[in-house]
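Notes follow the structure.
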Amino acid sequence: MAFPQPRPQAPQLPQYLLRTIDCQQGAVRAVRFNADGNYLLSCGSDKSIKLWSTSRGTLLKTYSGHGYEVLDADGSYDNSQICSCSSDKTVILWDVATGQVTRKLRGHAGKVNCVQFNEEATVILSGSIDGTVRCWDTRSRGYKPIQILDEARDGVSSLKVAQHELLTGSVDGRVRRYDLRMGQLHTDFISSPITCVCFSHDGQCTLSSSLDSTVRLLDKSTGEMLGEYTGHTMKGYKLDCCLSSRDTHVLSCSEDGHVYCWDLVEGSLSLKLPVGKAVVQSLSFHPTETCLLTAMEGRIQMWGAEPEETQEDAAAT
């Protein structure tokens with residue numbers, strides 16, 4: 001006798017506040033999970049980057065060396081290096097263990113908005129208000145970029161790299177996808193300044209948010225619009241958007257103190273997460289679990305699908 005298959009559980013959403021971390025580094029400009037989600041990075045307006053334990057929320061190390069506020073950071077896949085960028089026009093490569101600056105890369109003509117390692121952490125890609133993306137070889141002793149991509153007609157606000165593809169968003173209202181293996185460039189015109197771009201985890205789609213308070217999901221190969229997500233406010237700030245770890249939901253920061261979470265397929269609003277009274281500056285979704293980081297003013301909030309067990313609960317069981 002065959003029993004019916006259990007119905008698949010509806011994907012849960014991170015709606016419970018697990019902890020708040022007071023970063024004490026001025027306003028937090030960006031918050032990022034590392035590759036496996038065990039650590040998180042916070043970028044401060046006090047020129048520092050801080051490394052935290054995700055499970056305990058404890059500070060592990062502070063990295064100081066930028067001359068102005070830090071705008072973005074990324075950790076390498078083996079957690080041995082961090083790259084960061086700043087309003088001081090530089091990109092810095094850090095040794096995680098010692099906290100020392102390994103390389104300080106200069107060449108951008110304006111503040112550097114976004115930075116990311118490639119998969120092997122052999123190349124750092126940085127996007128700047130000067131309209132260029134620069135590619136730096138982390139193993140070379142030379143201080144010149146190995147490639148400069150200057151197709152943007154205005155500042156590059158966001159970039160993401162996945163395997164041989166690079167996705168950039170620019171204030172000129174265009175999402176550009178570079179196929180680095182084929183040497184091809186694909187451009188989608190959105191018309192409003194882009195604040196954030198990312199790939200879906202299955203690699204089939206691109207997500208972009210722009211200053212017309214709209215997040216758009218596009219088919220990567222055809223450029224066809226698959227979904228539009230609205231309701232949040234994004235008119236004057238460079239705010240993040242992302243997809244949940246299983247590509248089931250689209251999430252975006254908002255200027256009204258909430259994180260908006262829509263069902264990817266239906267486009268309906270699934271959750272409006274009240275973070276606080278100020279602008280939600282940045283967010284990052286855990287690579288595998290239902291866990292969300294948000295940054296507001298000088299604090300980071302960590303959200304989960306279920307309330308965290310307290311010591312008393314654990315003792316009772």
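Between the side chains of His286 and Ser245, no donor-acceptor pair is found at a separation under 3.5 Å. With hydrogens and angles left out, the side-chain atoms of Gln12 and Thr290 include no donor and acceptor closer than 3.5 Å. In the model, Tyr63 has no side-chain atom that pairs as donor or acceptor with a side-chain atom of Gln100 under 3.5 Å. A side-chain donor from one of Ser126 and Trp136 sits under 3.5 Å from a side-chain acceptor of the other. Donor-acceptor pairing under 3.5 Å is lacking for the side chains of Asp150 and Thr132. A donor and an acceptor atom, one from each side chain of Trp52 and Thr58, are nowhere located under 3.5 Å apart.
Arg106 forms no cation-pi arrangement with Tyr143, by the criterion of a distance under 6.0 Å to the ring centre and an angle within 45° of the ring axis.
Hydrophobic side-chain contacts under 4.5 Å tie Tyr77 to no other Ile, Leu, Val, Met, Phe, Trp or Tyr residue. Here Leu218 is tied into one hydrophobic group with Leu167, Val175, Ile190, Ile194, Val197, Phe199, Met225, each link being a pair of ILVMFWY side chains closer than 4.5 Å.
Using a 4.5 Å heavy-atom cutoff, the side chains of Ser254 and Val280 are not in contact. Using a 4.5 Å heavy-atom cutoff, the side chains of Val279 and Glu255 are in contact. For the pair Cys242/Leu283, a side-chain contact is recorded, criterion being any heavy-atom separation below 4.5 Å from C-beta on. Between Val156 and Asn113, the closest side-chain pair of non-hydrogen atoms is not below 4.5 Å. Residues Arg246 and His201 fail the side-chain proximity criterion, which asks for heavy atoms closer than 4.5 Å.
Using a 4.0 Å cut-off between charged side-chain N and carboxylate O, Asp179 and Arg181 make no salt bridge. Between Glu165 and Lys160 there is no salt bridge, since none of the side-chain N atoms of the basic residue sits less than 4.0 Å from a carboxylate O of the acidic one. Classification of Glu69 and Lys47 as a salt-bridged pair fails, no side-chain N sitting under 4.0 Å from a carboxylate O. Using a 4.0 Å cut-off between a side-chain N of Lys or Arg and a carboxylate O of Asp or Glu, Arg141 and Asp137 do not qualify as a salt bridge.
Taking the salt bridge (charged side-chain N to carboxylate O under 4.0 Å, His left out) definition, one finds that Arg56 meets it with nothing, sequence neighbours left out. Listed by chain and residue number, Arg216 satisfy the salt bridge (charged side-chain N to carboxylate O under 4.0 Å, His left out) test with Glu228 (two or more places apart in sequence, or in another chain). For Phe285, the ring pair (Phe, Tyr, Trp, His ring centres under 6.0 Å) criterion is met by no residue, not counting sequence neighbours.
Within the structure, side-chain hydrogen bond (donor to acceptor under 3.5 Å, both in side chains) pairs that include any residue of residues 291-307 comprise Thr294-Gln301, Thr294-Trp303 (at least two apart or interchain).
Checking Leu40, Leu293, Asp72 one by one against Arg32, the side-chain contact (heavy atoms from CB on, under 4.5 Å) holds for a single residue, Asp72.
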